[in-house]
Amino acid sequence: ASDVYKRQVLGKLLSGPYLRLMTTRTGGAASKMKAAPSRGVSVRRALLRRELLHLAGSPTYLLNCAMGSLGLVVLSVLALYKAGEIRLLAVQLLPPGLAGAAAAFAAALGAGTNCLTAPSVSLEGESLWCIRSLPVSPWQTLRAKLELHLAVTLQPALLCAGVLLAVVRAALPMVLLGLLAVALFVVLSAAVGLVLGVLMPSFHWTSETAVIKQSPFCLLAMLLSWGTALALFAGVAALSHRMPPAVSLSLACLLLAGADALALRWLKTKGAARFETT
């Protein structure tokens, strides 16, 4: 009992000098720590922030899958610089009224070079259990990957489309329909890439380069995006002989909206279930 009492007394004597030593700076001024108030964020924003940090922290992922956004900005600047030549070329090569559709699908082709969603599931790799251990649903995880693609691609694509539509002096209905078509196309390219990523995941890799450059789903997603843009423009051009270009471009927007709805519905139901059991 005496030993216990001695230890308690010794602890009391040493606690004062120890606390002063650990909380006092060189000069005798006591340091005071004040915890900054934490600001809560929604699950949706937290998951999107996780995807953005992954993209920013991986040069291979950024340079190979998101450089299309930089290309769209460069194309916008070049279009403004060569506005006269582009306008003259459009008049010489395209039927009247079709230049607006060509400008919109040119921006769509540029947006199709981004393939952020196709490798995003496989890039989880052996750490897939980390995202599964979080209290979020599979659809919330997949939606964050879709939103990453939209955050990186949508604004540059709309900027490029707006500049090209202004350069060719498209009518107001064609401008609105062209911007709508580009937005729907970006959503479709993101959804198609994610569908391929869910259907053909590859988690056993030693380098992210192998997932991005050597896996088939990245190239397939890009080819499907380009093929969709070219096929829709060919359809708009073919129908422009029978109806106004604005009407044929409206039909293209309806097709894109229907494809978006189908792809997103599959991701939310069967795709989420497959991702959960992968």
Side-chain angles (χ1 to χ4, degrees), residues 52 55 62-117 146-193 221-222 224-237 239-240 244-257 259-260:
L52 287 170
L55 177 64
L62 184 64
L63 293 176
N64 288 277
C65 298
M67 288 303 290
S69 298
L70 179 60
L72 288 168
V73 176
V74 172
L75 180 59
S76 302
V77 176
L78 291 177
L80 290 174
Y81 182 69
K82 296 289 186 179
E85 290 84 345
I86 294 175
R87 193 178 301 117
L88 180 61
L89 188 64
V91 171
Q92 293 176 349
L93 298 180
L94 298 173
L98 199 59
F105 285 110
L109 284 173
T113 58
N114 277 359
C115 55
L116 290 160
T117 53
L146 285 172
E147 291 176 346
L148 172 68
H149 188 100
L150 298 181
V152 175
T153 310
L154 185 57
Q155 292 184 358
L158 292 177
L159 171 66
C160 182
V163 170
L164 291 175
L165 288 166
V167 165
V168 299
R169 296 177 180 174
L172 181 59
M174 291 297 292
V175 171
L176 298 177
L177 289 171
L179 294 175
L180 177 61
V182 170
L184 293 172
F185 176 84
V186 172
V187 174
L188 180 62
S189 61
V192 169
M222 191 179 300
L224 286 175
S225 296
W226 288 348
T228 300
L230 293 173
L232 287 174
F233 177 68
V236 170
L239 291 176
S240 63
V247 177
S248 56
L249 187 56
S250 299
L251 295 177
C253 290
L254 289 176
L255 289 175
L256 286 171
D260 288 347

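Side-chain contact between N114 and S69 is present, with heavy atoms from C-beta onward closer than 4.5 Å. Side-chain contact between F105 and V182: absent, with no pair of heavy atoms (C-beta onward) separated by less than 4.5 Å. With a 4.5 Å cut-off on side-chain heavy atoms, L159 and L72 do not count as touching. Side-chain contact between L256 and L180 is absent, with no heavy-atom pair separated by less than 4.5 Å.
For the pair S248 (side chain) and S240 (backbone), a donor-acceptor distance under 3.5 Å is absent. Of the possible polar contacts, one joining the S189 side chain to the V186 backbone as a donor-acceptor pair under 3.5 Å is found.
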task: Apply side chain to side chain contact (heavy atoms under 4.5 Å, CB included) to H149 and C115, showing your working.
output: CA-CA 8 Å; H149 188 100; C115 55; 5.8 Å; no
field: Intermediate values then yes/no, side chain to side chain contact (heavy atoms under 4.5 Å, CB included), L179 and L165
entry: CA-CA 9 Å; L179 294 175; L165 288 166; 4.3 Å; yes
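How far CG of L255 is from CG of L188: 10.5 Å, rounded to the nearest 0.5 Å. Taken to the nearest 0.5 Å, the CG atom of L230 stands 5.0 Å off from the CG atom of L109. The distance from atom OG1 of T113 to atom CE of M67, rounded to the nearest 0.5 Å, is 9.5 Å.
Smallest separation of non-hydrogen atoms from L177 and A246: CD1-O, 3.3 Å. Pairing each heavy atom of V152 with each of A66, the nearest pair is CG1-CB, 4.0 Å. Of all the heavy atoms in A79 and V163, the pair that sits closest is CB-CG1, 4.0 Å. Here the closest heavy-atom approach between residue L232 and residue A252 is recorded as CD2-CB, 4.3 Å. In terms of heavy atoms, V175 sits closest to A170 at CG2-O, 3.7 Å.
Identified under the side chain to side chain donor-acceptor pair (under 3.5 Å) test for residues 77-102, with sequence neighbours left out: none.
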